[in-house]
Every structure is written in C-alpha cells, then in structure tokens.
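Okay, structure first, notes after.
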Amino acid sequence: MSANPSGHPETFEMEQQNFSPGWIEIDLRQYRRNLEAIWSAKEPATGIAIVVKDDAYGHGAVELGRIASERGAEFLVVASLAEAEKLQAARLSSKILILGERHPEEISPCVQAGFSFTSGSMESLREIESRARALGQKARVHLKIDSGMSRYGVRWSEAAAIASELKQLPSIIPEGILSHFAMSDELDKSFALLQLSRFEEALANLRQNGIEPKHIHICNSGGLLDLPQAHCNLVRVGILGLGVYPSKVCRRLDGIAPIMSVKARISAIKKLEPGDCVGYGMRFTAPKPMRIATLGIGYGWGYPRVRNKGAVLVGGQRCPIIGGVSMDAITVDITDVPTAKTWDEVVLLGTQASQEITIHEIAELKGSVSYDAMVSWRDRLPRVYRQ
Ligand SMILES: Cc1ncc(COP(=O)(O)O)c(C=O)c1O
C-alpha cells in the first residue's frame, strides 16, 4: 500500500492511517481489471473518455486518471476548470475535457491551457470565438446537443442553424459533438433510442454544413453496456470503471468489481443490561444482555445519519447498527461475534470473509443513488491505495 500522492488533505502513510478511526481503501489492481473489461466491451476503433469529475466520484481523480491515461483513455472528463487544472498539474497523457458551460472569464484560461470544453448555445460559442480570437489561439470545443434531457446544449432541432453559424467562427475547432442519455441503463430503451436519433439528426446537420467533428459521443456507462449502436467513436465512462453498475438491469461484464472499501476500527466495547439505552434521543433500548461496539466515525465522516438501520461487517459477520449514528460514533450489536475486540477492523463498505456491503445498500440508507453515496464520504477519511 502507498499513500495518496495527490495531496488529499487527510492522507497519511499506511502506518499513520492505521491510527485513523476510519479510512477508504481503493484497489488499483481491480481498477485496472475494470478498465480491461470496459476496453473489451467496445469496438477497437472506439475511443474511451474516462469521467473523473468530483475527484473520480470520491476515488481520486489523479490516481485513477493516471492509470486510465496509461491504458489509453482519449480524454479525462471533469466538470470544472479547477478540476481540469488539478489534472493538468499531474501531467497525464490523456486530453482533458470539461463538461457544462464555462463562465466567460474561464474561457481564456481554458483556451490557453489547451483544454477541450463543451458549449451548448450560440451565445457561448460567440463568447468563445471572441475570447480565443483576442488570444490569437484556437478553442477546442465539443458542441453539446440537448437530445431530450433539457439541462445543457443546443436543442437538436436547432443544430442546423448553429452549424451554419459555427462556420463563421474560425477561432473555434469543433473538435467534438456530444449528448447525454437520461435513461440508458433502464430496461425500456425507447427514450434512449429517441435521443440517439435526435443526436444523429443534429450530427447530419453539422455534416451537411461541412463540419466533421473528430469525436462523436453520447454514451455513459449504461450506453456502453446496453446500446452498442450508440457507441459512435467515443464513449464516456464513469461509474463502471469504479466497479459499480449504473442500474440493476443493465448488462453485466466479466471482471468488473467495486474498487472502494470503507473501513473503521472498534474504538470501544460495552456490555448492556436489559433496559440500557444507546445514543442520542435514547432510540435503542437493549431487550436483553448485549455486547456492543463503538466505531470512531459517523455522519461527520460521510456515513448516512440513520437510526437502528444498516449494518457493518465484524469478524466476517453482518452486525446491525443500533441507536442513531452520531457525528463521530456508530454503535453496533456484536453480541453474536464473541471474538470481536477493540481495534479490530470493521467494514462499512466492501467485503469481509464471505459478506459484502454494497454502495447500493449505503445509497438506500441515504434514500439516494449510488453516485451520491460514493461522493458523500468526507475528506476526514484518509484514502489508501492498494497497488
Ligand atoms: C455528461 C456526462 N457524461 C458521462 C457521465 C458518466 O456517467 P456514468 O458514471 O453513468 O458512466 C456523466 C456522469 O454524470 C455525465 O454527466
């Protein structure tokens, strides 16, 4: 194991990490296996853009970006200029693509740094043209088409008008055209297929105007898995690289497994008499003599703030959480694990012996989706990378 080289604020060497009440482990070997599975799920000529926004969904953008870029990722994809600059400082070989819309004041830094970035309106394209021209440089733009998600992009039906305008903007290199699926990972693909046909219509309009973008992309992980006809010549993959499927129903690939575990240690063990209460608000009362363990992490570390819900793995067994999760404490019933002792390792996310707690389980406790659960872990948890 080695410490995170990216300067993650709470990262320590392994020896020090051992004393933290909790930590995150990222399995880089499994990450490489996941990338192999992803690479084999597409035609050889199709490029891969690896989405590493929000610090690679909480896994470490530089650490994963380095491996993805060594594997041949065409782009590393982020959501802000700051994220792009952090990746650029790591000097990785993949190009960097920034999603969303850039504030006018961010355009010159993007152009000067050579970042590719998305734009989805005539207004923003004109702003990019004027800023790039003032610099005497070219802007690498991926034109975002709104094919039905209604967040960003030029409405597909207006692509022809944009295309004829784009020809008048010589400081813009129309490097790519993209859209984004709203429901690629569900069983009913009818809306995804409608989005694809709208996207193809917009692309045809660009081509009729003599614009041939090098990179054509609409697929996320769900699209990579279930919509091979939509791969175009580039796919953008985020969650699948982390070993997590975007939904229960999408196609499974051999070799994919989660790379993130969250662990803690037992900080204290207590015996309860029948009638004893546990935690704030006295939400748990012992019905019988019990043995409980207290972990030194809680919602202040990113665990969902649940009461008498959820479980952790101790000694290879699922142990229920009792009482309410506090900022810095989680109490767990270990009556059935008599061998458990203080400073034993506990798994909050991941596997121990034959048991597993998935990110979907944590997401359910949060009343949310796995993407949200993954990015909710706080920087207080040191991140340790297994090579
Ligand atoms: C525009 C865009 N493309 C691709 C992705 C990656 O999606 P996934 O993590 O489902 O592969 C995202 C993620 O939110 C996104 O916003």
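Values below: every heavy atom of this structure, side chains too, minus hydrogens, waters and symmetry copies. First listed ligand is number 1; within each ligand, the first listed atom is number 1.
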Inset, instruction - Check the side chains of E158 and W156 for a donor-acceptor pair under 3.5 angstrom, ignoring hydrogens and angles. - result: no
Inset, instruction - Answer yes or no: is there a side-chain heavy-atom contact under 4.5 Å between Q229 and L193? - result: yes
Cut-off 3.5 Å, no hydrogens considered: what does the side-chain donor-acceptor table look like for residues 270-279, sequence neighbours left out?
{"residue": "D276", "atom": "OD2", "partner": "E273", "partner atom": "N", "Å": "2.8"}

Legend entry - Any side-chain donor near an acceptor of the partner, D328 and W301, under 3.5 Å: yes
Legend entry - Backbone of E36 reached by a side-chain donor or acceptor of S40 within 3.5 Å: yes
Legend entry - Between R33 and Q30: side-chain donor-acceptor atoms closer than 3.5 Å: yes
Just the distances, no angles: every ligand 1 N or O to protein N or O pair closer than 3.5 Å, one line each.
{"residue": "ligand 1", "atom": "3 (N)", "partner": "R236", "partner atom": "NE", "Å": "2.8"}
{"residue": "ligand 1", "atom": "3 (N)", "partner": "R236", "partner atom": "NH2", "Å": "3.4"}
{"residue": "ligand 1", "atom": "9 (O)", "partner": "Y57", "partner atom": "OH", "Å": "2.6"}
{"residue": "ligand 1", "atom": "9 (O)", "partner": "I239", "partner atom": "N", "Å": "2.8"}
{"residue": "ligand 1", "atom": "10 (O)", "partner": "Y371", "partner atom": "OH", "Å": "2.6"}
{"residue": "ligand 1", "atom": "11 (O)", "partner": "S221", "partner atom": "N", "Å": "2.9"}
{"residue": "ligand 1", "atom": "11 (O)", "partner": "S221", "partner atom": "OG", "Å": "2.5"}
{"residue": "ligand 1", "atom": "11 (O)", "partner": "G238", "partner atom": "N", "Å": "2.9"}
{"residue": "ligand 1", "atom": "14 (O)", "partner": "K53", "partner atom": "NZ", "Å": "2.9"}
{"residue": "ligand 1", "atom": "16 (O)", "partner": "K53", "partner atom": "NZ", "Å": "3.0"}

